Amino acid sequence: MSEVLPANNFIRQIVIDDLASGKHRTISTRFPPEPNGYLHIGHAKSICLNFGLAAEFAGRCNLRFDDTNPSKEDIEYVEAIKADVRWLGFEWAELRHASDYFETFYLCAQQLIRDGHAYVCDLNAEEVRAYRGTLTEPGRNSPYRERTVEENLDLFARMRAGDFADGACTLRAKIDMASGNINLRDPAIYRVRKVSHQNTGDAWCIYPMYDYAHGLSDAIEGVTHSLCTLEFEDHRPLYDWYLARINLAAHPELTAPVLSQGLSAPVSTPRQIEFSRLNFDYTVMSKRKLLALVNDGLVAGWDDPRMPTLIGIRRRGYTAAAIREMARRVGVTKQESVIEFSVLENCVREDLDALAERRMAVIDPIRLVIDNLPEGHVETLTAANHPKDESRGQRALPFARELWIEREDFMEAPVKGFHRLVPGGEVRLRFVGIVKCVDIVRNADGSIQELRGHLDLDSRSGMPGADRKVKGTIHWVAATHAIAAEVRLYDRLFTVADPDDEHEGKTYRDYLNPDSVRIVTARLEASLARAEAEQRFQFERLGYFVADRIDHRADRPVFNRICTLRDSKK
RNA sequence: UGGGAGAUCGUCCAACGGUAGGACAACGGACUCUGACUCCGUUUAUCUAGGUUCGAAUCCUAGUCUCCCAGCCA
């Protein structure tokens, strides 16, 4: 696989310029997921960007859990996210949580109050909405906006102490209720939530909002380039507003609680830069819909091989290298885009073509008996494990008088352009030689019971006659030696390119592909008995397959189809 | 006249005042003991209208279209 010649993009160019101008000596980024769900392929772009930039320019990239809303978060997700990032091939400089900074956030809020930049507001959620105005009309000031500093300090302390019920009041930034940017209309800084937190337990009953916590967390960690998706573009003025008012660098006492936990706080003034999120056709990417697919049993779980989650894609058999290459190919811009799934698929095929050893397997078997071999004839062939890489060695391949071939590779009444086996016609048996179909044995109902073939002994592999040209080559397994295996044939989860399209009252559920998985019992060549979970192979002419990382066992093999081979037959 | 952002092949991404190029897709061909891989070739694009300029995807003006924002979510 073409190894990481970094593709330039506007963010990388900013980094290069900042380093060249001396604005930064080193750079620092972060990947900041909220632990409220599993990571999906869309996150892979952000992970590759943040960790990739840090790696390329010898900077640092933290994994930071943006855990400011305990009611949605769970430790299960933080563990899964860590595993996914590592699987993708990245290691964080430090693991942090926004919740590591809760005490600092509290101190900063007190400072904002003292400086007249924040106030405790007793409006309830509905009232706040009414006061906020609309997209085209300005909002109105809260009646609590002019409380004194002393009163606000006292009230805020009582919020922390648990004196107020959930929703009874908030701490709000005093900015501008008439701003065209709604984020600046006195946004909430803290809300009361009497729930325990995945990381801090019951230490707090007030929790900071994203806009407030995110920029401060970036600054505390010394992040230089804070990369996020487009929808945060109009939050940037607020991001900058908090940083400017609080000015962590000028107030070391504010970060003291971080230091006292043994964590460093190399305060910076981070710059937020937005890029467009990654979307793919034929799938959904919203956490809500993914969660619904899982909860409603429409898929087998977060790691269902049809899911666009990283854990699902991994189980499907995609490689981390392929995902990294995909991220490189799609680039980074501010244009909203939907990537064709073929881009990812091409990356997988390219990686696996080089990586995966070849094997033979028959998915829909029909019996072929070689009539000019003696009854009970068995021999052992050797076959290359990889057609382009001799160092991958060879394997023993049992060959016998009775074979399974692919039902699809025989046509009694061939359509034009059919290159495989037909009555009276010849085809090459991979690694064996040329066989002619001499008879069709039928059941009472006229259906085909088995095929009879005649092997041209002069055309056996290695013989001079093997050079004889025939139009097609088909795969096979020895019926006597084949092992049975469950093979799961996956296809796209949705039947339409844009399942999010809700025209004509449809929803993504109406577009679920009823044939997104087909489970068959296949016959595998004997050497596959030694396959290990997560090992990938090319089943010749069929596609790439992986031994399922959960269900595969030596005595009960289970393979997932990763993707088919490209197919140029018409 | 609410605020913010974006418009280049079918899809993504380049071109940073000087030959519109690459990847994926599609199509055609060569090769082939995988109809794979590989190789060769072909088709298709600068949102519109003006302007500046020897020269505009790029600069200016005016439009058009698309996306995001009215959580005590992130």
Side-chain angles (χ1 to χ4, degrees), chain A residues 7-9 13 32-34 36 66-69 71-73 121 123-125 128-129 132-139 166-172 178-185 187-193 206-207 209-211 213-214 228-237 274 276 281 287 326 328-347 349-350 353-354 358 360 383 387-388 417-420 427-434 459 461 466-475 497 538-543 564-570:
Chain A
N8 202 19
N9 60 63
Q13 193 56 50
E34 185 189 13
N36 68 345
D66 236 332
D67 53 353
T68 55
N69 184 7
S71 40
K72 292 183 169 182
E73 296 156 9
C121 179
L123 259 24
N124 64 35
V128 167
R129 197 179 317 127
R132 187 157 31 228
T134 69
L135 291 179
T136 52
E137 300 156 15
D166 286 14
C169 53
T170 54
L171 182 71
R172 292 225 259 165
S179 174
N181 182 345
I182 289 181
N183 296 300
L184 264 20
R185 319 243 263 229
I189 300 175
Y190 270 95
R191 77 287 215 183
V192 180
R193 277 272 188 293
I206 56 173
Y207 292 95
M209 298 292 292
Y210 164 85
D211 287 300
H214 200 89
C228 63
T229 43
L230 253 26
E231 68 270 26
F232 294 103
E233 213 149 17
D234 48 18
H235 293 234
R236 188 174 358 115
E274 311 84 14
S276 59
D281 57 8
K287 279 187 181 176
M326 175 279 298
R328 196 186 70 84
R329 290 186 191 182
V330 302
V332 180
T333 68
K334 299 187 70 151
Q335 291 170 53
E336 318 217 19
S337 58
V338 180
I339 308 298
E340 289 178 349
F341 203 77
S342 61
V343 175
L344 214 205
E345 214 165 50
N346 179 270
C347 293
R349 290 195 181 116
E350 190 174 301
D353 177 55
R358 311 292 128 116
M360 289 200 287
K388 307 185 214 176
F418 186 77
H419 289 183
R420 295 102 95 194
V427 78
R428 186 182 301 279
L429 288 179
R430 181 80 160 141
F431 303 118
V432 177
I434 297 169
S459 72
S461 297
D467 291 339
R468 188 154 72 81
K469 302 292 180 209
V470 279
K471 53 281 169 193
T473 299
I474 64 173
H475 60 274
Q538 183 194 105
F539 291 173
E540 292 207 20
R541 306 208 311 126
L542 293 177
T564 60
L565 258 27
R566 262 185 73 214
D567 183 1
S568 62
K569 45 177 186 285
K570 306 184 200 61

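Chain letters run A, B, ... following the sequence lines, proteins first and then strands; every chain starts at 1. Values reported hereafter were calculated over all heavy atoms of this structure, with side chains retained and with hydrogens, waters and symmetry mates removed. What you are looking at is a predicted structure, and each value in this text was computed from that prediction instead of being measured.
Among the protein residues, A:Met209 comes within range of the sugar-phosphate backbone only, with heavy atoms under 4.0 Å from sugar or phosphate atoms but none that close to a base. Heavy atoms of A:Phe232 sit under 4.0 angstrom from at least one base atom. At a threshold of 4.0 angstrom between heavy atoms, the contacts of A:Val470 with the nucleic acid are absent. If you check every strand for non-hydrogen atoms under 4.0 Å, A:Gly139 touches nothing. At a threshold of 4.0 angstrom between heavy atoms, the contacts of A:Ser342 are confined to the sugar-phosphate backbone, with no base atom among them. Across all strands shown, A:Ile339 has heavy atoms under 4.0 Å from sugar-phosphate atoms exclusively, and none from any base. Counting non-hydrogen atoms under 4.0 angstrom, A:Arg428 reaches a base of the nucleic acid. A:Thr134 comes within contact range of at least one nucleobase, with a heavy-atom separation under 4.0 Å. The residue A:Pro387 sits close to a base: some heavy atom pair falls under 4.0 Å. Across all strands, A:Asn124 comes closer than 4.0 Å to base atoms (heavy-atom distances). Residue contacts for A:Phe418: at a heavy-atom cut-off of 4.0 Å it reaches a base atom on one of the strands shown. Residue-level contact check: A:Ala188 touches the backbone only, with heavy atoms under 4.0 Å from sugar-phosphate atoms and none from bases.
B:G21 and B:A15: their P atoms are spaced 14 Å apart (whole Å). Using P as the reference atom, B:U58 and B:C69 are 31 Å apart when rounded to the nearest Å. With C1' as the reference atom, B:C9 and B:A57 are 14 Å apart, rounded to whole Å. Remark: the separation of the C1' atoms in B:C27 and B:C68 is 39 Å, to the nearest Å. The gap from the P atom of B:U66 to that of B:G28 amounts to 36 Å, rounded to the nearest Å. Taking atom P in both B:C72 and B:C67, the straight-line distance is 25 Å, to the nearest Å. Taking atom C1' in both B:A45 and B:G10, one finds a spacing of 10 Å when rounded to whole Å. For the P atoms, the distance linking B:A7 with B:A14 amounts to 10 Å, nearest Å.
B:G28 atom C1' lies 19 Å from atom NZ of A:Lys569, rounded to whole Å. Note: CG (A:Asp567) to P (B:C27) measures 11 Å, nearest angstrom. Rounded to a whole Å, the CD atom of A:Gln13 is 13 Å from the C1' atom of B:A14. For the pair A:Glu34 CD and B:G71 C1', the computed distance is 13 Å after rounding to whole Å. In this structure, A:Ile182 places its CD1 atom 8 Å from P of B:G71, rounding to the nearest Å. The interatomic distance linking A:Leu565 (CG) with B:U32 (C1') rounds to 14 Å, in whole Å. As rounded to whole Å, 11 Å separates atom P of B:G71 from atom NE2 of A:His235. The interatomic distance linking A:Met326 (CE) with B:A23 (P) rounds to 19 Å, in whole Å.
Electrostatic pairing of A:Asp353 and A:Arg358 counts as a salt bridge here, judged by a charged N lying under 4.0 Å from a carboxylate O. A salt bridge is absent between A:Glu34 and A:Lys287; no separation between the charged side-chain nitrogens and carboxylate oxygens falls under 4.0 Å.
Base pairing of B:G2: its partner is B:C69, meeting the Watson-Crick or G-U wobble criterion (both donor-acceptor distances under 3.5 Å). Applying the Watson-Crick and G-U wobble criteria (two distances, each under 3.5 Å), B:A62 pairs with B:U48. Nucleotide B:C27 forms a pair with B:G41, judged by Watson-Crick or G-U wobble geometry with both contacts under 3.5 Å. Pair assignment for B:U53: none, as no Watson-Crick or G-U wobble contacts are both less than 3.5 Å. If you check B:U8 for Watson-Crick or wobble pairing at under 3.5 angstrom, you find it has no partner at all.
Comparing A:Leu429 and A:Leu123 by the nucleotide of RNA chain B that holds the closest heavy atom to each, the one mapping nearer the 5' end is A:Leu429. Heavy-atom distances to RNA chain B give each of A:Thr136 and A:Pro33 a nearest nucleotide, and the one nearer the 5′ end belongs to A:Thr136.
The main-chain N or O of A:Glu231 is never found under 3.5 Å from a side-chain atom of A:Thr229 such that the two would form a donor-acceptor pair. A side-chain donor-acceptor contact under 3.5 Å links A:Arg349 to the backbone of A:Thr564. In this structure, A:Ser276 contributes its side chain and A:Thr333 its backbone to a donor-acceptor pair below 3.5 Å.
Using bins of under 30°, 30° to 60° and over 60° for the plane-to-plane angle, the ring pair A:Phe232/A:His235 lands in the perpendicular bin.
Contact annotation: A:Arg541 side-chain N/O to B:G35 OP1/OP2 distance is under 4.0 Å. Side-chain nitrogen and oxygen atoms of A:Arg328 include none within less than 4.0 Å of the OP1 or OP2 phosphate oxygen of B:A23. The side chain of A:Thr333 contributes an N or O atom lying less than 4.0 Å from OP1 or OP2 of B:C13. Put simply, A:Thr68 has a side-chain N or O that comes within less than 4.0 Å of OP1 or OP2 on B:A74. Between A:Gln335 and B:G6 there is no side-chain N or O to OP1 or OP2 distance below 4.0 Å. Close to B:C24, at under 4.0 Å from its OP1 or OP2, lies no side-chain N or O of A:Arg349. Listed pair A:Arg329 / B:U11 fails the phosphate criterion, with no side-chain N or O lying under 4.0 Å from OP1 or OP2.
Remark: the A:Arg420 side chain and the B:G35 base include a donor-acceptor N/O pair separated by less than 3.5 Å. In this model, a side-chain donor or acceptor of A:Glu340 finds a partner on the base of B:G10 within 3.5 Å. Taking 3.5 Å as the limit, the base of B:U34 and the side chain of A:Gln538 contain a donor-acceptor pair of atoms between them. Side chain A:Asp234 to base B:G3: a donor-acceptor pair is found below 3.5 Å.
Comparing B:G35, B:C73, B:A5 by their closest approach to the side chain of A:Arg193 singles out B:C73. With B:A74, B:G3, B:A5 as the choices, the nucleotide that has an atom nearest any side-chain atom of A:Arg191 turns out to be B:A74. Ranking B:G2, B:A36, B:G3 by closeness to the A:Arg566 side chain, first place goes to B:A36.
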- Task: Please test A:Thr170 against A:Met209 for side-chain contact (heavy atoms from CB on, under 4.5 Å), starting from the C-alpha separation and ending with a verdict.
- Result: CA-CA 10 Å; A:Thr170 54; A:Met209 298 292 292; over 6 Å; no
- Message: Let's go through A:Ile474 and A:Met360 carefully: what are the C-alpha distance in whole Å and the side-chain angles of both, what is the deciding distance for side-chain contact (heavy atoms from CB on, under 4.5 Å) to 0.1 Å, and is it a yes or a no?
- Response: CA-CA 10 Å; A:Ile474 64 173; A:Met360 289 200 287; over 6 Å; no
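Side-chain contact annotation: A:Asn8 with A:Gln13, donor-acceptor N/O pair under 3.5 Å present. Side chains of A:Gln335 and A:Ser337: a donor-acceptor N/O pair is absent below 3.5 angstrom, by distance only.
Evaluation of A:His214 against the base of B:A74 yields no stacking contact (centre distance < 5.5 Å, interplanar angle < 30° required).
Taking 90° from 0 as the syn/anti boundary, the base of B:G22 is oriented anti.
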